[in-house]
Amino acid sequence: MSVELLDAAGRRRSPATVPGYRLGCAPRNKGRRYPADPPRIEEIIAVMRTAGPGDHGDRIRGLVVILWRAGLRINEALSLAETDLEPRRGSVLVRRGKGGKRREVGMDDWAWECLEPWQRVRIELPVGPFFCVLNGPTRGRAWSQTGARAELRLLAEQAGVRRRFAPHQLRHAHAVEMAREGIPLPVIQRQLGHAHLGVTSTYLQGIDTTEIINTIHARNAPVIPASAGLKL
C-alpha cells in the first residue's frame, strides 16, 4: 500500500523531494563537456537589466556580479557570509574553495556599486549566508544552486541571450576579460583559485577568434638583409 507524502502544511509532496529518490540514476548531463563560450558584456548587462526592480532583482544582480567580476564558482558564491565581503579593501574571502582551499580575491569598484542594493536588503533579513532565501519559512537560509541556476536561465531567455548562460560561463568571462586587459596569467590563476596554470589556459579558449586573426594579420613582413631582397 502506497503512503501519501505530505509536507509540514499538510499538502501533497512530490516523491522527487524525498532524499535518495534519484539514487543510482546518472545525471542527464553526465559526461557532457561544454565548450568555453563566455557571454559578451552586453549580454550579461541585458540579463541584469531584465531582472527588474525589487529584492529578487537585487539578489540575482548581486549574484551575477560576484560570479562575473570576482570569478567565483557558484558554490563559493552561495557559501559567502556577510562578513566575507570587505568593500573598503575591495576583497572577497572564499573560506572553502575547490579542494577545501581558502583564498582572497579582488573585485572592482563598479561591481561593489552594483552589489550595494542587495547588501542593503540583506541587512534586514535574518543572519545567514549572504545570498539567501527571501520569502517563506526558510527566509534567511541558504539559496540553493538549483534555484539560482534556474533563475539565471529564465532571465537569459527573457533577455534574448541565445547561448548557454550558466554560472560557470560568467567565471569564464571573468578570465577572458582579465586576459584581454593584459593581466598576467599567474594573477588570473590565483584569482580563480586554480592549482595549475594549464587549467587557467583552458578558460582563455573563449577569446574571440577575430582577435587572433586581427593580431596575426597585423604582423610585419619578414626581414632579411637588404642585399637579398624580398621579391620572389
Side-chain angles (χ1 to χ4, degrees), residues 5-11 13-14 16-22 27 44 47-156 165-171 173-174 191-193:
L5 297 169
L6 303 175
D7 63 12
R11 295 169 297 204
R13 184 179 172 191
S14 168
T17 63
V18 179
Y21 175 74
R22 293 190 58 80
I44 301 173
V47 169
M48 292 174 70
R49 285 175 177 161
T50 303
D55 295 352
H56 285 86
D58 291 337
R59 181 181 63 174
I60 195 68
R61 271 189 294 273
L63 179 63
V64 169
V65 160
I66 286 283
L67 296 171
W68 174 30
R69 304 302 293 182
L72 267 59
R73 301 175 178 92
I74 182 65
N75 62 307
E76 294 172 345
L78 295 180
S79 298
L80 289 174
E82 294 175 69
T83 53
D84 293 336
L85 292 95
E86 290 192 46
R88 288 185 182 178
R89 288 187 61 226
S91 68
V92 179
L93 176 63
V94 179
R95 295 183 182 274
R96 191 174 177 81
K98 195 170 184 178
K101 294 178 181 176
R102 178 189 177 104
R103 77 181 191 281
E104 199 171 22
V105 303
M107 196 165 73
D108 60 277
D109 290 337
W110 178 83
W112 287 107
E113 287 176 17
C114 294
L115 192 61
E116 194 176 337
W118 169 244
Q119 287 180 301
R120 289 197 298 266
V121 172
R122 186 63 188 87
I123 246 173
E124 304 297 327
L125 297 167
V127 174
F130 182 63
F131 292 108
C132 64
V133 176
L134 281 166
N135 308 108
T138 57
R139 185 171 178 263
R141 295 185 191 173
W143 190 18
S144 72
Q145 285 193 37
T146 305
R149 288 177 188 274
E151 195 164 332
L152 281 174
R153 278 196 303 269
L154 179 62
L155 287 173
F165 197 91
H168 218 69
Q169 301 297 88
L170 294 170
R171 183 169 152 87
H174 181 62
Q191 172 79 0
L192 297 175

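Only this structure's heavy atoms are used, side chains among them; waters, hydrogens and symmetry mates stay out.
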### Task
Begin with the C-alpha distance, continue with both residues' side-chain angles, and end with the deciding distance and a verdict on side-chain contact (heavy atoms from CB on, under 4.5 Å) for K98 and N75.
CA-CA 9 Å; K98 195 170 184 178; N75 62 307; over 6 Å; no
### Query
Where is the tightest heavy-atom contact between Q119 and P87, given as atom of each residue plus distance?
NE2-CG, 4.0 Å
Counting distance only, does the side-chain N/O of [X] pair as donor-acceptor with the main-chain N or O of [Y] below 3.5 Å?
X	Y	value
R122	F131	no
E82	V127	no
E76	R73	yes

### Task
Show the numbers, then the answer: is there a side-chain contact (heavy atoms from CB on, under 4.5 Å) between L125 and V133?
CA-CA 9 Å; L125 297 167; V133 176; over 6 Å; no
[atom1] of [X] to [atom2] of [Y]: how many Å apart, nearest 0.5 Å?
X	Y	atom1	atom2	value
L155	F165	CG	CZ	8.5 Å
R69	H174	CZ	NE2	7.5 Å
R120	L115	CZ	CG	10.5 Å
L78	L67	CG	CG	7.5 Å
I66	M107	CD1	CE	4.0 Å
L72	R103	CG	CZ	5.5 Å

### Task
State, with a plain yes or no, whether a side-chain heavy atom of L63 is found less than 4.5 Å away from one of W118.
no
### Query
Would you say the side chain of T83 lies within less than 4.5 Å of the side chain of L93, judging by non-hydrogen atoms?
no
Side-chain polar contacts of residues 142-152 - donor-acceptor pairs under 3.5 angstrom, sequence neighbours left out - could you list them?
{"residue": "S144", "atom": "OG", "partner": "G147", "partner atom": "N", "Å": "3.0"}
{"residue": "Q145", "atom": "OE1", "partner": "R149", "partner atom": "NH2", "Å": "3.4"}

### Task
Flag yes if more than 12 heavy atoms outside R95 fall under 6.0 Å of its CZ atom; otherwise flag no.
yes
### Task
Could you walk me through whether D84 and F130 pass the side-chain contact (heavy atoms from CB on, under 4.5 Å) test, one step at a time?
CA-CA 9 Å; D84 293 336; F130 182 63; over 6 Å; no
#### Entry: Those residues that, when tested against R89, pass side chain to side chain donor-acceptor pair (under 3.5 Å) (two or more places apart)
S91, E104
Please tabulate, for the side chains in residues 53-60, all donor-acceptor contacts under 3.5 angstrom to protein atoms that are two or more places apart in sequence or on a different chain.
{"residue": "H56", "atom": "NE2", "partner": "N135", "partner atom": "OD1", "Å": "3.3"}
{"residue": "D58", "atom": "OD1", "partner": "R61", "partner atom": "NH2", "Å": "3.1"}
{"residue": "R59", "atom": "NH1", "partner": "C132", "partner atom": "O", "Å": "2.9"}

